[in-house]
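These notes concern the structure reproduced below.
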Amino acid sequence: MRRFHSILRRDLKLSYRQGSAISLSLSFFVIVILLFPLGVGPELNILSRISAGVVWVGALLACLLTLDRIFQADYEDGSLDLLVLGSLPLEMLILGKVCAHWISSVLPLIVISPILALSLNMNPAGIWVMMLALLIGTPTLSLIGAIGAALTVGMRRGGVLLSLLVLPLYIPVLIFGVAAVEAAIAVLPVSSHLMLLSGISLGALVVGPVAAAAALRLTFD
């Protein structure tokens with residue numbers, strides 16, 4: 001576990017020193033959310049009705065922007081070769097990098113999401129459930145994204161291919177995440193939606209690092 005924590009601390013330090021990934025995802029998230037009132041119009045009822053979907057789609061796309069950074073920088077400077085050949089199992093190495101990506105790129109989105117949800121006139125009853133659903137569901141975005149990032153690392157213009165690979169796999173998270181918020185706003189039970197999100201996240205936690213490790217081994221073979 002010491003080596004796992006070393007990888008996690010290393011990637012977090014690199015992310016915060018560079019700062020570009022955090023500012024890029026945050027800026028994109030804020031701009032996407034604020035563009036909707038301009039495009040849809042100032043009707044508060046319409047904004048309130050679509051607010052859950054807008055926040056989730058914005059978070060999903062903002063996360064997508066930073067997925068290639070999970071492996072790309074280490075691949076370009078050669079440190080990924082050393083990390084793959086190191087004593088830490090490749091699956092644990094990938095899990096550490098995924099955790100660092102989620103903390104540095106996705107967690108800030110969740111922190112500011114209530115403010116943006118208020119700008120969309122989201123019912124306060126839905127805001128807390130939205131944050132809980134994002135906390136439960138967004139790790140899946142990083143875990144599945146790591147598979148696509150591993151498959152496309154080293155490819156020219158791999159970002160487009162990465163988007164095409166992972167976006168269809170994000171659909172269940174999007175559906176159940178939005179459904180949980182809408183159920184809370186309609187004063188309906190939300191536990192079933194949150195449990196399904198938890199199940200998806202647990203499945204991604206088991207499958208994601210193994211699949212990403214297999215993809216990286218193919219790349220280096």
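Summarising the geometry, atom CG belonging to L141 is positioned 11.5 Å from atom OG belonging to S105; distances are rounded to the nearest 0.5 Å. The CD1 atom of I94 sits 13.5 Å away from the OG atom of S142 when rounded to the nearest 0.5 Å. A distance of 10.5 Å separates NE2 of H101 from CZ of F71, quoted to the nearest 0.5 Å. Within the model, atoms CG of L196 and CD1 of I175 stand 11.0 Å from one another, a figure rounded to the nearest 0.5 Å. Separating the CG atom in L116 from the CZ atom in F29 is a distance of 5.5 Å, to the nearest 0.5 Å. Atoms OH and CG, on Y75 and L80 in that order, are 8.5 Å from each other to the nearest 0.5 Å.
Among all heavy-atom pairs drawn from G126 and V181, the shortest one is O-CG1, 3.7 Å. Residue L216 comes nearest to A150 through the heavy atom pair CG-CB, 3.9 Å, listed as atom of the first residue, atom of the second, then distance. Closest of all the heavy-atom pairs between V190 and A184 is CG1-N, 3.5 Å. Taking both residues in full, the closest heavy atoms of A100 and D11 are given as CB-CB, 3.4 Å, listed atom of the first, atom of the second, then distance. Between V129 and A180, the closest heavy-atom pair is CG1-O, 3.6 Å. Considering every non-hydrogen atom in both A146 and I70, the closest pair reads CA-CD1, 4.1 Å.
Although no hydrogens or angles enter the test, the distance criterion places a donor-acceptor pair under 3.5 Å between the side chain of T66 and the main chain of C63. Panel note: side chain S51, backbone L120; no donor-acceptor pair is recorded below 3.5 Å. Listed for the S48 side chain is no donor-acceptor partner under 3.5 Å among the backbone atoms of L44.
Using a 4.5 Å heavy-atom threshold, the side chains of L167 and L60 count as touching. No side-chain heavy atom of P209 sits less than 4.5 Å from a side-chain heavy atom of V98. Proximity of I33 to V54: side-chain heavy atoms (C-beta onward) are separated by under 4.5 Å at one or more points. With a 4.5 Å cut-off on side-chain heavy atoms, R49 and I185 do not count as touching. In this structure the side chain of L143 reaches within 4.5 angstrom of the side chain of L95, judged on heavy atoms.
Taken together through direct or relayed side-chain contacts under 4.5 Å among Ile, Leu, Val, Met, Phe, Trp and Tyr, L118 and V30 form part of one hydrophobic cluster. Under the 4.5 Å side-chain contact rule for hydrophobic residues, I112 and I127 share a cluster. Hydrophobic clustering of Ile, Leu, Val, Met, Phe, Trp and Tyr side chains at less than 4.5 Å, counting indirect connections, keeps V106 apart from V111. By the criterion of side-chain heavy atoms lying less than 4.5 angstrom apart, applied directly or through intervening Ile, Leu, Val, Met, Phe, Trp or Tyr residues, V210 is not grouped with V207; the two fall into different hydrophobic clusters. The hydrophobic clustering, which links ILVMFWY residues whose side-chain heavy atoms are closer than 4.5 Å, places L197 and L107 together.
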Output, in order, the C-alpha distance, side-chain angles, deciding distance and verdict of side chain to side chain contact (heavy atoms under 4.5 Å, CB included) for D68 and T152. CA-CA 8 Å; D68 60 347; T152 58; 5.9 Å; no

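Electrostatic pairing of E76 and R69 does not count as a salt bridge here, judged by no charged N lying under 4.0 Å from a carboxylate O.
Take D74 and apply the side-chain hydrogen bond (donor to acceptor under 3.5 Å, both in side chains) test, not counting sequence neighbours, and it matches R10, S79, K97.
Partner of M130 under the side chain to side chain contact (heavy atoms under 4.5 Å, CB included) criterion, chosen from V55, I110, L135, V178: V55.
Counting heavy atoms of neighbouring residues, nucleotides and ligands inside a 6.0 Å radius, atom CG of D77 exceeds 12 of them. Within a 6.0 Å sphere centred on CG of L205, heavy atoms belonging to other residues, nucleotides or ligands number more than 12. Atom OH of Y170 has more than 12 neighbouring heavy atoms from other residues, nucleotides or ligands inside a 6.0 Å radius.
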